[in-house]
Visitor: 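Here's a structure for you.
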Amino acid sequence: MKHTIATVLFSLVVLSAWSCTPKVPPRFTLSEHTEVRTEGDTTLQPLARYFADHFGGRTSDENTWDVIRLVRDTTLGGEAFRVEVTPRGCTVRGGDYGGVFNGVQTFFELLPAEIYARQCPATPLRDTLLQSRPRFPYRSMMLDVARTWCTVDQLLRQIDLLAYHRINRLHLHLTDDEGWRIEIKSHPELTAIGGFRGGDSPVAPVYGRWHEKYGGFYTQDEMRRVIRYAATRNIEIIPEIDLPGHSRTIASIHPEIRCNYRPDTLSTRGYDFRSAWCVAREENYTLLEEILSEICALFPAPYVHIGGDEVDMEQWLRCPDCRSLMQREGMASPAELEDHFLNRAIDILNRHHKRAAVWNEAVATARLSRETLVFGWKDTEACLKAAADGYPTVIMPGKYFYLDMRQTPHEAGHDWAGVVDARRLYSFDFAREGFSEEQLRNVVGFEGAFWSEAYLSHNPEKNDYLDYMCFPRLTALAHMGWHGTERRWEEFYRELTRTHYDRLAAMGVTFRLFPPKITYRNGMLSASTDDGSQPFYIERGSTEEHPYTAPIATAYPAHYRFISRYKTGHSPLTVHEEYYRHIYPEVTVTSSMGESTRFPYANAAQYRGITRTRRTARPGDWICYTFAHNVSAEEILVQTGNPQLPKSLFIEGVVETSEDGHTYRKAGTLDHGILFLHQPRNLKSIRITATSDLRDGTPFITIEPLKIRPVERPMK
Ligand code: TNX
């Protein structure tokens, strides 16, 4: 995986421009008469077809004069290319298949954006010579299909989009606590049962839909089709079987793989949440061999990702068998048990001629072989350490590369790693993050990760949310993977707005635009954009969008929401900051479910964070907020749990309010765990009462701070 640093920054080098002779030279014209030839190199045939399909051209020898030749030229490096356009014909040379493919993508960039919609008009091309090579060999996206399953067609569509960006890896997170998505022929139960959760499945519906059984999986035949489709597009599928933690699905189907003790499941209504494989149980390695041998045979990639992240080692410390294994082997910490387990898995992979890829925790002790590919997700420090320890390292710290993070503070998405928009992602800089030359030599590239526990709340049947979360963040990642991290954002932003947005639109991607800028001065509310998009406004109480053409005279800036649109792209709904002004009146929180010691009531009462109860909810259980002094407000958001991550909330419940703390009046029922109280007046207390069982078996309820907007006064 080593590559020299001399793979320097390159930009696309225009070696010679078109000629400057006075008479207009004849130009090469791409049209349906153009023929793509591979000159007998049959391995390039699928690529020729892919290329020609984009403009309705031919791939057979028909003696036309408009010919594009695809040529493998080993004097160029891996994935490097050279594209030449002359009036007599074009040549796309590549150091290998990937190089020719990258050259084809560069050829697309010479054409109108319609090429991505396969509707390219006949196009005359200037004489051109372009050549380039990637800065990093590993330009990747991770898709978590375990939490939210995607259909085969959705995978193929995603592969197409990645390929247009010269992203060359798709890492599929195939198993997790909430699902098992890949057929294992020797263990059909893994998908037959583990492919679905909720309803009567033994796999608890911790995320997403809890009333219905949800899911799906890929048969090996389907996966072979995906692999082939990806390979034509220079994308290698990296499969991940997450071990030895994140394994609750397989542990629910095969409880015998867990540690040798009975857990206390009193507070979880009998559901066993333990997610780790027992390290000491010898039969576990037989099951592992049966699974991994099929994975090795199915996926042609040299690496199989075996996880290694976020293992709950408490389970091992409570297990008499694991403890005696530690003693026998003189292990000082349970982290060495993880080494032991992963080394056994790596032995299996090696026997099947594969190497292991792991998350950064797995090399915390730095005892795995240096052939192991490390994915540094936790933070930059984890990446620096892995690289310093001599591991080939994929850079993906969450606070830059997690595509499930929200892109402004009020948008959908997680925020545990921060707020990450394309600009933030693009700001990752090796020099500033402290990489030495030696560490940089071990960096193989970047990966953007779309974790999907919240995706199920965003209509995954349509691709809109995935598109919105991926683009243009992956456009930025692809750029860094190809060019390195030295370019200024302003330069890339210009490229984004002038070319990429049109290309994304032609691809049919619902991409994200940056929010319009909202200002309020002298009673006038204005919106502006700098990317050519059109802002619209939506008045309070309405859903209708009106084109914004001039500043709006109003004393209530918080009554307007804005969105900007350009072709298929749109910004988030954006409001003036006044909309987010909250008040924090003194309140106490109580509940019938007891208080967790780690997440006490004070967290919610002091508007600091969430509270957890000591146990899960039964019908009749309640949460009560009591104000020190009666409160009036514009709006109060009452919320249990996080509606995007439907776990640990009241599935169904009523909300009541009281002016004296004794007599209550019903204010409404929860919808996905939340209720807005509009213009409540003179409240002493708010009580939420569960009206149904918590069917997902989570061990606790989360109590959120109230979000209270002050009674409105005109601002001008
Ligand atoms: C951490 S990243 C996880 C995932 C979650 C993700 C949510 C990693 C190796 N583990 O299980 O889906 O955070 O952002």
Side-chain angles (χ1 to χ4, degrees), residues 140-150 171-181 197 203-208 238-251 273-276 303-313 335 338 342 356-364 372-383 385-386 391 393-407 411-421 424-425 446-458 460 465-466 469-470 473 641-642 644-648 698:
S140 180
M141 175 197 182
M142 189 224 69
L143 186 59
D144 170 7
V145 292
R147 272 63 168 270
T148 299
W149 183 67
C150 296
H171 165 184
L172 290 178
H173 185 72
L174 291 165
T175 70
D176 209 305
D177 293 333
E178 296 83 11
W180 187 285
R181 307 297 180 193
R197 66 170 182 263
V203 185
V206 181
Y207 298 122
I238 307 286
E240 179 186 354
I241 304 294
D242 203 348
L243 303 164
H246 280 275
S247 299
R248 200 186 303 130
T249 301
I250 184 167
F273 265 86
R274 292 177 303 158
S275 58
Y303 288 103
V304 172
H305 199 307
I306 52 173
D309 60 316
E310 300 181 316
V311 186
D312 173 11
M313 298 184 189
E338 180 167 8
L342 292 175
V358 295
W359 298 113
N360 57 248
E361 292 98 313
V363 291
T372 312
L373 178 63
V374 176
F375 287 66
W377 70 276
K378 192 75 206 231
D379 42 35
T380 305
E381 287 63 44
C383 299
K385 179 177 185 317
Y391 291 103
T393 304
V394 178
I395 304 297
M396 56 182 308
K399 66 177 180 171
Y400 292 98
F401 296 102
Y402 267 23
L403 306 173
D404 56 329
M405 293 301 131
R406 60 187 72 173
Q407 306 182 65
E411 274 177 79
H414 275 307
D415 65 355
W416 66 261
V419 173
V420 180
D421 64 4
R424 165 81 188 160
L425 186 149
F446 301 108
E447 178 166 281
F450 183 77
W451 297 98
S452 66
E453 53 265 44
Y455 185 24
L456 201 51
S457 310
H458 296 277
Y465 186 73
L466 182 62
M469 298 303 263
C470 287
R473 285 189 289 191
N642 172 346
Q644 284 183 62
L645 256 163
K647 90 175 198 178
S648 319
T698 41

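Numbering of ligands and ligand atoms starts at 1, following listing order.
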Visitor: At what distance is the nearest protein heavy atom to atom 13 (O) of ligand 1, and which residue and atom is it?
Guide: W416 CZ2, 3.5 Å
Visitor: Would you say the side chain of L143 lies within less than 4.5 Å of the side chain of L466, judging by non-hydrogen atoms?
Guide: yes
Visitor: Can you pull out the closest protein heavy atom to atom 8 (C) of ligand 1? Residue, atom name and distance to 0.1 Å, please.
Guide: D309 OD2, 3.5 Å
Visitor: Considering only heavy atoms of M405, which atoms of ligand 1 have at least one such atom less than 4.0 Å away?
Guide: 14 (O)
Visitor: Side chain of D177, backbone of S275: donor and acceptor closer than 3.5 Å?
Guide: no
Visitor: So which of H246, H173, H414 actually passes ring-ring contact (aromatic ring centres under 6.0 Å, His included) with W451?
Guide: H173
Visitor: What I'd like to find out is whether the side chain of F375 reaches to under 4.5 Å of the side chain of M142, using heavy atoms alone.
Guide: no
Visitor: Between R197 and T249, is any pair of side-chain heavy atoms under 4.5 Å apart?
Guide: no
Visitor: Write out the residue and atom name of the closest protein heavy atom to atom 6 (C) of ligand 1, then the distance separating them to 0.1 Å.
Guide: W451 CG, 3.7 Å
Visitor: List every atom of ligand 1 that sits less than 4.0 Å from any heavy atom of H414, numbering the atoms from 1 in the order shown and giving each element.
Guide: 7 (C), 14 (O)
Visitor: Is the shortest distance from a heavy atom of R147 to ligand 1 less than 4.0 Å?
Guide: yes
Visitor: From the options F446, F450, W377, select the one residue that forms a ring-ring contact (aromatic ring centres under 6.0 Å, His included) with F401.
Guide: F446
Visitor: Should one rank D404, D176, D144 by closest heavy-atom distance to atom 7 (C) of ligand 1, which comes out on top?
Guide: D404
Visitor: Nearest protein heavy-atom contact for atom 2 (S) of ligand 1: which residue, which atom, what distance?
Guide: Y402 OH, 2.5 Å
Visitor: Evaluate whether atom NZ of K385 has more than 12 neighbouring non-hydrogen atoms of other residues, nucleotides or ligands under 6.0 angstrom away.
Guide: yes
Visitor: In the protein, what heavy atom is nearest to atom 3 (C) of ligand 1, and what distance, to one decimal place, separates them?
Guide: E310 OE1, 3.4 Å
Visitor: Quick check on contacts: which atoms of ligand 1 are under 4.0 angstrom from a heavy atom of E453?
Guide: 5 (C), 6 (C), 7 (C), 12 (O)
Visitor: Find all atoms of ligand 1 within a distance of less than 4.0 Å from any non-hydrogen atom belonging to H246, and give their numbers and elements.
Guide: 11 (O)
Visitor: Any heavy atom of F375 sitting closer than 4.0 Å to ligand 1?
Guide: no
Visitor: Side chains of D242 and S247: does their closest heavy-atom pair fall under 4.5 Å?
Guide: no
